[in-house]
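Everything on this sheet refers to the single structure shown next.
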Amino acid sequence: MALASLLSRSVVAHSHASFPPSDGNELGGTGRQHQLHLNVTEVGTDRSSAHTGGQSLQLFGPNIQPRHCVIAHTEGIVTVTPSFRDAHTFVNGQRIYETTILQHGCIVRFGRIHNFRFIDPQQDDRIRHNSSMDTGNYERYPPGGGGVAGRDPILPAVLEFREESEDAFLHAITTDLDPTDIQFKLAPTYTLYMAARFRASTHYRPDLNPTERAHRLTEMLTKVAAMVQNVIHSRHGDPTSLAFWMANASELLHFLKQDRHVSGYSLTAQDILAEAVQVAFRSLVDCMQAELSTSLPVFLEDREDANEEEGSTAHVLSILTNTMALMRRCRVNAALTIQLFSQLFHFVNMWVFNRIVADTHPNYCTRVWGVRVKRRLARVEVWAEKQGLELASDCHLARLSQAALLLQSQKSSADDIATISSKCFKLNSLQLRAILEMYQPIPDEPPIPQDLIDNVVAVAESTSDGLSREEGREVRLEEEADLQLPFLLPEDGYSCDIVRGVPSGLAEFLGPLQLAALCSMNPQPTSSGYWTIYMQDQDTRPPPGPRSPSVMSNRSVSLPRGEPEIHVIQLHKSNSGMGLSIVATKYDVLKEFCDDDHKVLYLSTYQSLTAGVRTVPSRLPVTSPHLTLQPYLLSSPCVTWLHELPPHPSSAPLLILSVSPALCYFLFLLKESVIQ
């Protein structure tokens with residue numbers, strides 16, 4: 001079997017299809033050697049799509065799905081993500097269900113018989129010697145791999161710079177920097193953090209008193225933040241620079257906020273950096289939307305593309321793919337990436353939907369166009385699912401998806417009213433009326449009765465319109481150009497949680513600066529290799545590990561009388577995951593919160609505050625006749641008020657399940673009048 005080109009640095013996998021993953025000796029050298037290049041590669045029985053660059057690993061055998069999983073390389077980080085829950089994928093014998101980082105020497109199994117050993121050339125002298133490609137960004141501490149990491153709670157390296165050359169040093173790593181020349185894209189962040197630690201230490205000007213030292217630290221960090229902000233403003237039309245500096249500004253902000261010694265002296269710098277991240281985000285959204293606007297007309301081309309793998313969506317998928325590659329190259333926080341693609345999905349939804357409801361030529365309100373739009377939209381949704389963005393796409397493409405579904409649905413009898421109202425709940429009364437009245441039946445299809453249109457519109461006026469007004473939104477025909485969601489800075493999911501030791505790209509970045517005598521970096525051999533040792537929650541952070549079963553499974557709950565009781569469960573994400581997966585729960589875990597009488601269960605899914613994505617409730621299979629589901633739309637990025645409460649729900653606690661930074665599940669067991 002063959003492993004196609006995958007990832008850009010010289011990452012190699014040995015393959016041997018007949019040995020279990022636990023037998024490293026047999027896997028070591030009998031298989032063929034495959035280089036992995038920078039990109040995303042699909043593994044499965046199918047060949048990869050064109051938008052993945054034609055990179056695939058085609059496998060056949062037991063439990064291998066057509067699109068089994070995705071292997072991705074993001075400048076030094078290699079991950080594997082199962083495409084479906086039934087896609088059996090194992091790392092070191094443990095089955096995985098979410099994005100998992102591959103470590104040097106680990107054994108990956110696809111299905112039952114296909115085994116691979118992942119070889120990182122920076123950790124393997126033989127491969128490094130034979131490889132002619134770049135060596136990548138990360139390596140275990142200490143550099144060179146020959147020693148054993150220490151245990152001292154100090155940074156992996158220290159950096160010093162002279163006071164008289166401070167401005168030249170800071171300009172060299174901010175305003176004068178070309179992001180395309182940087183191998184380790186977060187090198188400015190780690191350099192500036194080491195510089196801040198140096199300025200805060202007594203190694204800088206031992207003669208200074210603490211007050212003067214604090215003042216100079218604050219002054220330097222404020223200057224740095226202003227320089228980063230100026231760079232972002234000056235490059236507002238360059239997506240590469242915007243993504244690069246959005247990543248670095250957010251990472252540096254995280255370092256400054258979390259460092260227990262520096263945080264209090266960098267408040268002004270933190271405010272500037274927070275604003276800079278938001279400006280970079282908004283400018284990047286504008287750039288990507290402008291690029292999409294040139295390709296979306298092809299999305300509505302009048303041609304049949306049912307037999308084409310990408311068809312009329314090829315240009316849109318290419319832009320989305322390139323944007324995701326840019327986010328990964330720049331190591332942008334996953335939650336920022338989700339917010340960015342939420343904006344892009346909304347733009348696609350808005351652009352296409354507004355042309356469907358517009359009374360212009362051609363008329364898109366036909367069954368044929370409903371089928372076309374649904375098919376083309378499905379290709380975007382498949383792409384989003386592979387990237388871990390399925391919730392964002394489901395939410396922000398919903399109106400377009402439901403409009404396409406409406407165009408395909410039966411619309412001739414009174415029995416169709418309930419179906420349309422339940423499946424097209426995102427569409428308001430104006431949108432439903434426009435689509436139904438402009439609908440052009442195909443030959444032999446009866447026209448839509450006017451009373452059916454009036455009844456469907458009446459239902460929407462009491463449901464969708466009511467929700468919009470309660471949220472302060474105008475009921476309008478066309479979708480708004482701007483997505484009305486607040487920008488949210490992530491609280492976790494940053495690189496410092498996974499980077500160990502001194503990245504080789506950091507040493508390469510600082511090499512010219514050291515030759516110019518602007519600074520000096522020295523590794524600390526006795527360091528434990530962690531960049532988080534000075535962070536405020538370092539001592540209280542729970543150890544990483546796989547998610548355990550519900551901690552509530554053995555608890556008994558006494559239902560309160562009067563005010564509701566709040567139970568909070570924190571589900572801790574394994575550090576090997578990328579934070580984009582869904583956290584699931586089952587009814588049998590939750591049923592202990594209900595007694596046998598008249599309980600009403602409310603379930604909704606919500607993208608966490610760090611992601612800022614709204615979505616519609618998922619349906620929970622409920623077998624008890626006393627348990628029902630009340631779907632509703634969250635009206636703001638927090639636990640919000642429920643709409644249309646049933647008349648007599650009985651008392652029960654409010655349960656909040658949360659996981660960061662991916663998804664929050666809110667399970668509402670409510671008492672009458674608990675939420676007003």
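Just so it is clear, the model here is predicted, and its values are computed rather than measured.
In this structure, Leu477 and Leu430 approach most closely via the heavy-atom pair CD1-O, 3.6 Å. Nearest heavy-atom pair across Leu406 and Leu427 is CD2-CD1, 4.2 Å. What you find for Ser429 and Glu461 is that their closest heavy atoms are CB-CG, 3.5 Å. When all heavy atoms are compared, the tightest approach of Pro449 to Ser412 is CG-O, 3.4 Å. Pairing each heavy atom of Arg399 with each of Asn349, the nearest pair is N-OD1, 3.6 Å. The minimum heavy-atom distance linking Met438 with Asn363 is given by the pair O-ND2, 2.9 Å.
Contact check for Phe244 versus Arg329: no side-chain heavy atoms found under the 4.5 Å cut-off. With contacts defined as side-chain heavy-atom distances shorter than 4.5 Å, the pair Leu317/Val380 qualifies. Between His68 and Leu59 there is no side-chain heavy-atom pair separated by less than 4.5 Å. In this structure the side chain of Lys426 never reaches within 4.5 angstrom of the side chain of Gln431, judged on heavy atoms. Using a 4.5 Å heavy-atom cutoff, the side chains of Thr89 and Val80 are in contact.
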May I have the list of side-chain donor-acceptor pairs in residues 451-459 shorter than 3.5 Å, sequence neighbours left out?
from	atom 1	to	atom 2	distance (Å)
Asp454	OD1	Gln450	NE2	3.1
Asn455	ND2	Asp451	O	3.1

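Considering only residues two or more places apart in sequence or on other chains, Ser241 meets the side-chain hydrogen bond (donor to acceptor under 3.5 Å, both in side chains) condition with Asp238. With sequence neighbours excluded, the residues satisfying salt bridge (charged side-chain N to carboxylate O under 4.0 Å, His left out) with Glu437 are Arg433. Residues forming a salt bridge (charged side-chain N to carboxylate O under 4.0 Å, His left out) with Asp302 (at least two apart in sequence, or on another chain): Arg372. Every residue two or more places apart in sequence or in another chain that forms a side chain to side chain contact (heavy atoms under 4.5 Å, CB included) with Pro62 is listed here: Arg112, Ile113. Applying the side-chain hydrogen bond (donor to acceptor under 3.5 Å, both in side chains) criterion to Ser393, with sequence neighbours excluded, gives no partner residue. Annotation: side chain to side chain contact (heavy atoms under 4.5 Å, CB included) contacts of Leu300 (sequence neighbours excluded): Trp351, Val352, Arg355, Tyr364, Trp369, Val373. With sequence neighbours left out, the side chain to side chain contact (heavy atoms under 4.5 Å, CB included) criterion links Arg367 to Gln410, Tyr439, Ile442, Glu445. Phe487 is linked by a ring pair (Phe, Tyr, Trp, His ring centres under 6.0 Å) to Phe281, counting only residues two or more places apart in sequence or in another chain. Take Asp305 and apply the side chain to side chain contact (heavy atoms under 4.5 Å, CB included) test, not counting sequence neighbours, and it matches Arg303, Glu308, Ser312, Arg375, Arg376, Arg379.
Between Arg67 and the choices Val382, Thr45, Val43, the side-chain contact (heavy atoms from CB on, under 4.5 Å) rule is met once, by Val382.
Between Arg473 and Glu480, no side-chain nitrogen of the basic residue sits less than 4.0 Å from a carboxylate oxygen of the acidic one, so the salt-bridge criterion is not met.
Between the NE2 atom of His396 and the CZ atom of Phe347 there is a distance of 15.0 Å, given to the nearest 0.5 Å. The CG atom of Leu320 sits 10.0 Å away from atom CE of Met288, with the distance rounded to the nearest 0.5 Å. Between the CG atom of Asp46 and the CD atom of Gln65 there is a distance of 10.5 Å, given to the nearest 0.5 Å. Considering SG of Cys287 and CG of Leu326, their distance stands at 10.5 Å, rounded to 0.5 Å. Distance NZ/Lys386 to OG1/Thr321: 9.5 Å, rounded to 0.5 Å. If you take NZ on Lys374 and CG on Leu400, they are separated by 8.5 Å, rounding to the nearest 0.5 Å.
Remark: side-chain polar atoms of Ser342 are paired, donor with acceptor, to backbone N or O of Ile338 under 3.5 angstrom. Glu42 places no side-chain N or O within 3.5 Å of a backbone atom of Val70 that could act as its donor or acceptor partner. A donor-acceptor pair is defined here as one N or O able to donate and one able to accept, closer than 3.5 Å; no such pair exists between the side chain of Ser421 and the backbone of Ala418. A donor-acceptor contact shorter than 3.5 Å links the side chain of Asn354 to the backbone of Glu479. Between the side chain of Asn333 and the backbone N or O of Gly493 there is at least one donor-acceptor pair closer than 3.5 Å. Panel note: side chain Ser422, backbone Ile420; no donor-acceptor pair is recorded below 3.5 Å. Of the possible donor and acceptor atoms, none in the side chain of Ser401 sits under 3.5 Å from a partner among the backbone N and O of Leu397.
Listed by first and then second residue, the side chain to side chain donor-acceptor pair (under 3.5 Å) pairs that reach into residues 289-299 come to none, sequence neighbours excluded. Among residue pairs with one or both ends in residues 308-342, those qualifying as ring-ring contact (aromatic ring centres under 6.0 Å, His included) are Phe341-Trp383; sequence neighbours excluded.
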Start with the C-alpha gap between Thr366 and Leu407, add the side-chain angles, then the distance that decides, and say whether side-chain contact (heavy atoms from CB on, under 4.5 Å) holds.
CA-CA 6 Å; Thr366 66; Leu407 294 174; over 6 Å; no

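Geometrically, Arg85 engages Tyr97 in a cation-pi contact, judged by NZ or CZ lying under 6.0 Å from the ring centre and within 45° of the ring axis.
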